[in-house]
Amino acid sequence: MKKYSNTRATLAIAKASFRSIIRSPSAVVFSLAFPLIFIVVFANIGGSAVTVDVGVAKTCDTTSPIYRALKKISVVHLITRLSTDEMAKNLSKGNIDAIIDVRKNSTLPLYTTNVTYTAASESKGGILKIYLNSISYQLNTSRSNAPPAIAEIKESTVSGRVYRYIDFILPGMLGFSLLSSGVFGTAFVFLSLRLTLVIKRFFATPVKRYSIVLGEAIARLLFSWLGALFIIMIGHYAFHFTLVHGIITVLNMLVLAAIGLIIFMGFGFIISGIAKNESAVPPLSNIITLPQFLLSGTFFSTAAFPTWLQKFSDILPLTFLNNAMRHVAFEGAGLGDVSHDLFRLGLWFIGIYFVAVKTFKWE
């Protein structure tokens with residue numbers, strides 16, 4: 001007779017859980033179908049609602065008529081909260097379309113508008129150029145007795161990698177998939193195991209408690225990795241999603257996916273312990289997932305939010321995961337380069353599992 005092995009028991013649980021996951025229509029829909037549908041839709045319609053994101057230099061004269069005129073144009077979104085270095089980085093990769101610096105002079109012309117465009121966003125830079133030329137023309141011809149030149153424009157362009165909308169949306173869709181799988185999947189599975197007394201039956205065997213949790217985690221992680229690889233490959237080959245360092249970038253993204261899934265599973269453990277029945281799982285899960293889907297930069301940039309809402313979105317775990325994924329994929333950052341986001345995810349991990357240990361029920 002074979003000696004009992006807890007490792008074999010863990011792998012057996014993982015195998016059974018994996019089979020259960022791939023046979024679940026909801027798991028396939030949330031982890032694969034929904035993200036792919038969003039990628040196809042947004043990759044083809046991205047940019048249809050035009051907004052020109054313009055960074056405002058710290059030395060810009062915000063009281064000038066040029067700045068005030070730009071502020072009234074709905075298409076132009078003026079960004080003032082970024083530091084000088086952050087603006088330069090965002091400009092080079094096309095996250096913002098230009099940087100303006102309006103200076104008031106002691107001699108004519110009264111105002112000089114220094115504009116830096118990026119080759120990564122030429123079309124939107126062209127839109128801003130039209131508005132600036134129009135504003136300058138109106139100022140220079142506003143009064144018949146005025147000097148011929150009240151305002152002038154000085155332009156420069158920096159080179160940069162083209163930042164497509166797929167480079168923004170695909171990491172968000174990976175986060176969407178991981179959050180859905182971690183929260184909904186884990187909550188339903190462990191609540192069902194508890195209500196159907198399967199966990200009690202496990203306790204009649206030599207299986208350790210951690211083997212049950214670890215087996216489920218391994219199965220869900222394997223399924224999520226397969227889904228993430230599928231989504232990344234579709235995005236790369238069908239929609240030209242940027243992978244700066246190729247396979248190295250993919251591996252880094254898979255490591256981030258594993259970290260994100262483990263954290264999100266903690267939410268699922270908490271919900272499975274709180275919920276009294278399966279009908280309570282969806283509303284509790286939506287309380288956790290819906291704000292993150294909408295406010296963590298999954299579908300659109302958080303830069304468009306008002307300042308008070310940005311402060312809330314900047315503390316959500318999905319925001320840190322999305323940011324890290326985008327830095328790794330588009331900028332070629334390593335895991336060490338996103339340590340700021342990983343540290344905050346680590347704090348979420350500690351907090352979530354502290355609560356999960358207190359609320360999770362085995363029976």
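Model, not experiment: these values are computed from the prediction.
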Please check: side-chain N/O of [X] versus main-chain N/O of [Y], any donor-acceptor pairing under 3.5 Å?
X	Y	result
Asp337	Gly334	yes
Gln310	Thr302	yes
Trp225	Leu254	yes
Arg220	Met265	no
Asn286	Leu290	no
Glu216	Ile212	no
Ser339	Gly336	yes
Ser285	Val183	no
Arg68	Thr63	yes
Arg326	Phe168	yes

With rounding to the nearest 0.5 Å, note down the distance linking [atom1] in [X] to [atom2] in [Y].
X	Y	atom1	atom2	result
Phe223	Ser17	CZ	OG	13.0 Å
Ile150	Leu139	CD1	CG	6.0 Å
Ile96	Leu78	CD1	CG	11.0 Å
Phe18	Leu221	CZ	CG	10.5 Å

Is Phe184 close to Ile271 at the side-chain level, that is, under 4.5 Å between some pair of heavy atoms?
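They are not in contact (no side-chain heavy atoms under 4.5 Å apart), so the answer is no.
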Regarding [X] and [Y], is there a side-chain donor-to-acceptor distance under 3.5 Å anywhere?
X	Y	answer
Arg103	Thr59	yes
Ser279	Asn277	yes
Asp85	Ser83	no
Ser296	Asn322	no

In chain order, what residues pass the side-chain contact (heavy atoms from CB on, under 4.5 Å) check against Met325, with sequence neighbours excluded?
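Testing Met325 for side-chain contact (heavy atoms from CB on, under 4.5 Å), a comparison that skips the adjacent residues, returns Pro171, Leu174, Leu178, Met253, Leu256, Ala257, Leu321.
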For Leu11, what residues pass the side-chain contact (heavy atoms from CB on, under 4.5 Å) criterion, not counting sequence neighbours?
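Once residues adjacent in sequence are excluded, the partners of Leu11 under the side-chain contact (heavy atoms from CB on, under 4.5 Å) criterion are Thr7.
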Check the orientation of Tyr353 and Phe349. Use parallel for under 30°, tilted for 30 to 60°, and perpendicular for over 60°.
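Correct class here is tilted.
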Got more than 12 heavy atoms from elsewhere within 6.0 Å of NZ, Lys58?
yes
Is it the case that the ring center of Phe343 lies less than 6.0 angstrom away from the ring center of Phe320?
no
Sequence neighbours left out, what pairs pass side-chain hydrogen bond (donor to acceptor under 3.5 Å, both in side chains) with at least one residue falling in residues 234-260?
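The answer is Asp167-Thr242.
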Cluster check [X], [Y]: I/L/V/M/F/W/Y, side chain < 4.5 angstrom:
X	Y	result
Val338	Leu347	no
Ile352	Leu284	yes
Val357	Tyr210	no
Ile153	Tyr67	yes

Exercise: identify the closest heavy-atom pair between [X] and [Y]:
X	Y	answer
Asp97	Thr118	O-CG2, 3.8 Å
Asp341	Ala324	OD2-N, 3.8 Å
Trp348	Ile263	CB-CG2, 4.5 Å

